[in-house]
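To start, the structure under review is shown below, and the notes come after it.
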Amino acid sequence: MRKFLLLFLAGFLISTVSHAQKFGYIDSNFILSKMPAYNKVQQEMDKHAEAWQKEIEGLQQQADKLKQDYKAEEVLLTEEMKVKRKAEIAKKETEVRDYQRKVFGYEGLMFRRRQELMRPIQDQVFEAVEKVSKAKGLQIMFDKSGDLVMIYTNPVHDYTEYVLEELGLASDTKNAAGAKPAKGIIDAPDDLPDAETEVQDGSTPAAQEKRQPKAANKKKVNN
């Protein structure tokens, strides 16, 4: 009920604004997928993720070796030696988990590195959106890829192609659906992989990301 009320209020607000001010929307996911710089970031993050994953797997192998050695030699160890060996195993396993969190956890190395590489691209998109908004006399520009729920959007208010033109990426042949960014213009910590499951399947976070194709080409219909 609360969600319905929020959607109703959002629709009412947009309807009210439309009578007083001109507004539009863009699809930042689509825009980012057309930017060569974004694709380079994806490739670089894949390399970083693979390197970090190998480091984690190396630490995990060390922990596994300690456990295997202990199991093989357990009958020959004194109680004091068993306690010491178990402590070494626990310490190594803790080291593995801590490094996983450091790399792939909330605001970890993976997240911070991606934010660093994406910031210039985000700024470029924002500047293009601002220029298009001013040129078209728009007071408000929504992002279809953002958190705002847009149940229905009239294509007449879609300014995605104008932003692509401003970025020098408009083309009838190139603007087909591409790889889908995780969360539009702004990255969110929730999009990061689960640190506890990284070593188990042996794949990198970047390789696990599913890139879904988008719909058909966009056409400018704005005045």
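- Remark: the Arg97 side chain and the Gln60 side chain contain no N/O donor-acceptor pair separated by less than 3.5 Å.
- Thr160 approaches Ile26 most closely through the heavy-atom pair OG1-CA, 3.3 Å.
- Interatomic distance, Tyr106 OH to Arg101 CZ, rounded to the nearest 0.5 Å: 16.0 Å.
- The minimum heavy-atom distance linking Asp143 with Ser28 is given by the pair OD2-OG, 2.7 Å.
- Atom NZ of Lys54 has 12 or fewer heavy atoms from other residues, nucleotides or ligands within 6.0 Å.
- The existence of a salt bridge linking Lys67 and Glu93 is confirmed by a sub-4.0 Å separation between a basic side-chain nitrogen and an acidic carboxylate oxygen.
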Checklist entry - Hey, mind stepping through Ile56 and Phe104 against side-chain contact (heavy atoms from CB on, under 4.5 Å) and telling me if it holds? => result CA-CA 11 Å; Ile56 293 173; Phe104 299 117; 3.4 Å; yes
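- The shortest non-hydrogen separation linking Lys136 to Lys22 is O-NZ, 3.3 Å.
- Here the shortest heavy-atom pairing between Leu66 and Glu88 reads CD1-O, 4.0 Å.
- Between the NZ atom of Lys144 and the CG atom of Asn29 there is a distance of 10.5 Å, given to the nearest 0.5 Å.
- You'll find the side chain of Leu138 stays beyond 4.5 Å of the side chain of Phe23, heavy atoms only.
- Hydrophobic clustering (side-chain heavy atoms under 4.5 Å, transitive across Ile, Leu, Val, Met, Phe, Trp, Tyr) keeps Tyr70 apart from Val83.
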Item to check | Evaluation steps, salt bridge (charged side-chain N to carboxylate O under 4.0 Å, His left out), between Arg112 and Glu116 | outcome: CA-CA 6 Å; Arg112 294 201 300 271; Glu116 179 184 348; over 6 Å; no
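- From His48, atom NE2 reaches atom CE of Met110 across 9.0 Å, with rounding to the nearest 0.5 Å.
- Here the options are Glu80, Glu73, Glu79, the test is salt bridge (Lys or Arg N to Asp or Glu O under 4.0 Å), and the partner is Arg85; only Glu73 passes.
- Side-chain contact, Gln42 with Tyr38: a donor N or O sits under 3.5 Å from an acceptor N or O.
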Item to check | Worked check of salt bridge (charged side-chain N to carboxylate O under 4.0 Å, His left out) between Lys65 and Asp69 | outcome: CA-CA 6 Å; Lys65 180 67 163 55; Asp69 291 346; 2.8 Å; yes
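- Atom CD in Gln124 sits 11.0 Å away from atom CD1 in Ile31 (nearest 0.5 Å).
- Taking the charged nitrogens against the carboxylate oxygens, Arg119 and Asp123 have no contact shorter than 4.0 Å, which rules out a salt bridge.
- Closest heavy-atom contact between Trp52 and Tyr99: CD1-OH, 3.7 Å.
- Salt-bridge formation is detected for the pair Glu95/Lys92: a Lys NZ or Arg NE/NH1/NH2 atom is positioned less than 4.0 Å from an Asp or Glu carboxylate oxygen.
- A distance of 9.5 Å separates CD in Glu57 from CD in Glu50, rounded to the nearest 0.5 Å.
- Between the CG atom in Asn39 and the OG atom in Ser33 there is a gap of 7.5 Å [rounded to 0.5 Å].
- Residue Leu169 is grouped with residue Met118 when hydrophobic side chains (ILVMFWY) are merged at heavy-atom distances under 4.5 angstrom, including chains of intermediate members.
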Item to check | CA sep, side-chain torsions, deciding dist, call: Glu74, Lys82, side-chain contact (heavy atoms from CB on, under 4.5 Å) | outcome: CA-CA 7 Å; Glu74 184 176 6; Lys82 288 180 181 179; 3.9 Å; yes
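- Put simply, the side chain of Asn154 never gets that close to the backbone of His157: no donor and acceptor are under 3.5 Å apart.
- By the 4.0 Å N-to-carboxylate-O rule, Lys47 lies too far from Glu44 to be salt-bridged with it.
- Under the 4.5 Å side-chain heavy-atom criterion for grouping Ile, Leu, Val, Met, Phe, Trp and Tyr, Ile121 is connected to Met141 within one hydrophobic cluster.
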